[in-house]
> 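Structure below; questions to follow.
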Amino acid sequence: MRARPLFLLPILLAACGKAAPPASTDGGDASAARAAAPTTSPTAISHGEAAIGPALTSPDRAADAPPPPTASYRQIRFVAAHVRHEVAPGVVYEAWTFDSMVPGPVIRLSVGDTVDFTLVNGGPIPHSMDFHAAEIAPDRAYRNVMPGDSIQFRFVARVPGAFMYHCGTAPVASHIANGMYGALIVDPRAGRAPAQEYVLVQSEFYLSPPAGPDSTRSMDWSKVLDAFPDYVVFNGVASRYSTNPIPVVPRKPIRMFVVNAGPNRISSFHVVGAIFDRVLADGFGRPFEGMQTWNVPVGGGAVFEFALREDGFYPFVTHAFADATKGAVGVLKAGEPAGTPGH
Ligand SMILES: [Cu+2]
């Protein structure tokens with residue numbers, strides 16, 4: 001393991017040492033229609049013995065952005081699946097996923113690209129797909145897909161940005177809190193300037209009380225409604241890029257696509273020791289220049305462009321520090337820093 005910045009240890013210990021309880025109940029919602037108001041606990045309906053797949057041990061997920069697309073037409077197929085996901089070391093969660101990963105796969109398009117999308121529901125309850133990058137009738141495209149069934153629809157990416165996608169099945173907070181979200185990047189037609197590019201998806205996990213023989217956690221619906229998460233994470237795992245800092249080249253452009261899946265907490269995105277040269281909200285407008293911190297709303301995204309002036313360890317956080325303490329922290333390792341970082 002690479003050297004861990006010592007000043008982050010209290011945060012890491014707080015996040016990793018949390019007495020997260022095991023549980024057997026979950027937030028299954030087998031019958032609620034899309035329009036149903038989430039006023040009652042979805043734990044009233046359980047998928048109990050449904051297969052949820054093997055545990056994912058020490059998931060290793062690079063933050064690197066996929067390269068810009070080379071074709072203007074894409075066929076994309078996701079399978080909704082319930083799998084075990086390790087939120088933090090030893091904390092295994094019964095996640096609802098796209099393609100068995102939390103977040104789901106990163107998609108990258110250019111303005112004008114056409115996507116033919118297929119969602120296959122391999123899970124035991126209804127799921128669906130809502131692409132924020134699409135302009136489409138939700139009642140047609142974002143319908144619930146029953147277990148074993150599938151849906152197909154087409155959209156054209158018309159607006160550049162860092163977009164969220166998520167399951168839109170009610171209660172939506174339940175399906176997002178359980179892991180069904182991801183990032184879809186749309187580049188301007190002319191492309192973006194060369195840079196070291198990374199994708200971060202911030203999200204939250206709400207763990208239920210102890211139950212069950214296998215110590216797999218699932219969602220505590222009351223915590224979701226109270227916006228009281230146990231973990232706030234980048235790319236699905238608490239503090240993963242503190243444990244394994246992201247290596248970057250100093251004095252060269254860096255671009256971070258940040259999407260905030262929530263379902264509840266705003267991300268006040270900040271890189272310690274850096275000022276953003278440019279922050280691009282979604283759309284065609286002018287960037288904001290010289291920014292220290294930028295709020296990424298729940299269900300939104302932003303593109304952060306900057307460079308690190310010196311070799312060193314540069315933490316990135318949500319500056320809502322309770323959430324950073326719960327795991328929404330990582331580190332950029334610029335060059336080959338000597339000595340031990342401090343803050
Ligand atoms: Cu779902």
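Counting starts at 1 for both ligands and their atoms, following the listed order. Sequence positions, counted from 1, serve as the residue numbers for this chain.
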> Return the name of the atom in His127, of element N, O or S, nearest to the Cu ion (ligand 1).
ND1
> Has Met180 got an N/O/S atom less than 2.8 Å from the Cu ion (ligand 1)?
yes
> Regarding Lys326 and the six-membered ring of Phe228, is the cationic atom NZ or CZ under 6.0 Å from the ring centre and inside 45° of its axis?
yes
> Between Glu289 and Arg286, does any side-chain N to carboxylate O distance fall below 4.0 Å?
no
> For atom CD of Glu310, decide whether the heavy atoms of other residues, nucleotides or ligands shown that lie under 6.0 angstrom number more than 12.
no
> Between Phe155 and Phe117, is the ring centre distance below 6.0 Å?
no
> Relative to the Cu ion (ligand 1), which of the N, O or S atoms in His175 is the closest?
ND1
